[in-house]
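One structure is given here, and the rest of the page talks about it.
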There are 2 protein chains.
Amino acid sequence: MNGIQEIAAATGLSKSTVSRALRNLPSVAPSTIMAVRRKADELGYIPSSAASGLATGRTRAVGVVVPVIDRWFYIQVLEGVDAELRRAGYDLILFNLGGLAGDRERVFHRSILRKRVDALILLSLVFEDDERRQLETMEYPTLVIGGPAPGVRHLGIDDYAVARTATEYLLGLGHRAIAHIGGQDREGLNTAVPGERHEGFADALATHGIEPRPEWDGNGAFSFQGGHDAMARILASDSRPTAVFAASDEMAFGAIVAIREAGLRIPEDLSVVGIDGHAYGEVLGLTTFSQDPVEQGRFAARVLLAELAGQPPVPWLDPAPVRFIERTSAGPAPSA
Amino acid sequence: MNGIQEIAAATGLSKSTVSRALRNLPSVAPSTIMAVRRKADELGYIPSSAASGLATGRTRAVGVVVPVIDRWFYIQVLEGVDAELRRAGYDLILFNLGGLAGDRERVFHRSILRKRVDALILLSLVFEDDERRQLETMEYPTLVIGGPAPGVRHLGIDDYAVARTATEYLLGLGHRAIAHIGGQDREGLNTAVPGERHEGFADALATHGIEPRPEWDGNGAFSFQGGHDAMARILASDSRPTAVFAASDEMAFGAIVAIREAGLRIPEDLSVVGIDGHAYGEVLGLTTFSQDPVEQGRFAARVLLAELAGQPPVPWLDPAPVRFIERTSAGPAPSA
DNA sequence: GTGAAAGCGCTAACAG
DNA sequence: CTGTTAGCGCTTTCAC
């Protein structure tokens, strides 16, 4: 004899009353609740989430889908989501696409989402039409964090605007020779962020009548190593920029290392700005446009949880705030 | 009418046959399997994990408990575990203790493990007696990765030995003034790794008759920032070491930055070695003792999965391999 | 405030 | 190879 039943037998109550008592329903006498609880502890009772899930249709779990896991932004968001979920007694199921196109299919069409979650948070993903349709048929609350996602509710900073502002900051310091280190999609991974940030950069230049130079446009894959290599390549080109806009702090760090390796000084010879607000930035003196992905994660979780609790869905979310942190990595353009 | 039942009705088969067909059981006619599959697709059938979980007693999910999420090692392990789990069609439920003592109680005693997982992977945790007892009563396969865990099966490198070897490497280069940057537990987090690595360091020194100097023993909290600050403090002390052993690469990176900030050269003035094999190390030229946490995660998942598949449990796991990567951050002690 | 009974969607004997 | 019959452990009407 197992579970709730056992407690019922031991207390002389019915299964239903035990079930109610365990959930603290108001219709149960306080004394009964106490008694049930005590017995439950005594018997080492562990509720079966499968059983209650089957009965209620809810899993008390939220899924988080990440394109890859090993990136500062995703980790931070995960922290935030986790914290809020934990508070509410929800579990977090992690789906890592791992950059593999094959797994994508698995997540969106197949068993992975087999009614295992009550809501879904997707990180920086753009969907194919049929993927969106799948999401819609699943019917549970969904939210995208990071990068606009056509057709799905989205939360995050305005990537285009931030990139543009960052570039304009450099322009304001007198720089005209500005390099860009950004990213490009890995196979099968659709992310809007790199494109948005690149566009903001390009438009800022255009407004000032500056032609972008292809040899100053590096692909840093949004990673430290990538940023380093991209910067090294830019420095190896015929002419040297006086500033570099890195579309993420991790790439900016890589760039900083590459610049130092080349024997150049920051910011005297070369200015660097990033986007993100990565913790290393403080030590490295990186001037950056900082966002708070932990809070974004928390917020997303709260929105979803509220809807699961019956609140009406919010159709639109304001862009997340960005804070400019001026440190030492960017300075006036060297006077020619 | 829902689920499997619906398919049964539409195909004229019985629920059981449909259930079998969906699971590709060999006892089903191939033609039937095809027919069932087609109908399932057509109806957009999504299996209910709760229902099958209730019926089988299995959740097809594995839990991973991390002390904090934002650390290179844990992320890497998570990648590995995830990859292997995904391959086997298992889901990964992430439990982040978040450094909070309170959440610990939740994980081990309360609802968190409410029969939601079939197996458990714990990262770098040491348990209280009653926690271990709880784990035992749960009865499902459990494994600890990183740091010895008394009473529970454990997988990982030999932290003591690696630390000792690393220190001996420095001694072999002629260094006698060697600093240590390690970690100490945050409130409520029990991790054996910092202690093990510190001991290895201390014993290596002792063997050579060298007295450890307290002002050269920094707490870097196993983070970049921590490593930086610890190193800065050491450099600010009255006398300067000629080498530093950082118990993790992330701390080593912080130390490297601090050393450069102090205007010192690596390795001419100061040698640095780390442990881990963090990807940044290549760019930064860090000499380190590298482990492969992704593979550790994969391996752990495979072990657990095998046991869930009915294989006899393996009581003991060999230490994971460590590879020495000699780069440029360590050199001979400056001749006094 | 508590109990009885039905059922959530699937799997697992046991027959045939 | 397929169908029948019971549950898995909990929640939820509907009574009392």
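Below, each value reflects all heavy atoms present in this structure, side chains not excepted, and no hydrogens, waters or symmetry copies. Values in this document were obtained by computation on a predicted structure and should not be read as measured data. Per chain, numbering begins at 1; letters A, B, ... match sequence-line order.
- Between the OH atom of Tyr45(A) and the P atom of dG9(D) there is a distance of 10 Å, rounded to whole Å.
- Summarising the geometry, the separation between CG on Leu43(A) and C1' on dG9(D) is reported as 15 Å, rounded to the nearest angstrom.
- Atom CD in Glu6(B) sits roughly 10 Å away from atom P in dG9(C) (whole-Å rounding).
- Residue pairs that meet the ring-ring contact (aromatic ring centres under 6.0 Å, His included) test with at least one member in residues 18-72 of chain B, sequence neighbours left out, are Trp72(B)-His278(B).
- No side-chain heavy atom of Leu304(B) sits under 4.5 Å from any side-chain heavy atom of Tyr140(B).
- Defined by atom type and a distance below 3.5 Å, a donor-acceptor pair is present between the side-chain atoms of Arg23(B) and Ser19(B).
- Here the rule is side-chain contact (heavy atoms from CB on, under 4.5 Å) with Val77(A), and of Leu155(A), Leu123(A), Val66(A) only Leu123(A) fits it.
- For DNA chain D, the neighbouring residues in residues 15-32 of chain A, judged by any heavy atom under 4.0 Å, are Lys15(A), Ser16(A), Ser19(A), Arg20(A), Arg23(A).
- Closest of all the heavy-atom pairs between Pro141(B) and Asp118(B) is CD-O, 3.4 Å.
- Following rounding to the nearest Å, Leu54(A) (CG) and dT11(C) (P) show an atom-to-atom distance of 11 Å.
- Rounded to whole Å, atom C1' of dG3(D) lies 13 Å from atom CD1 of Ile4(B).
- When rounded to the nearest whole Å, the span between CZ of Arg58(B) and C1' of dA12(C) equals 15 Å.
- When all heavy atoms are compared, the tightest approach of Ala88(B) to Arg60(B) is O-NH2, 2.9 Å.
- At least one side-chain nitrogen or oxygen of Ser14(B) sits closer than 4.0 Å to the OP1 or OP2 atom of dG3(D).
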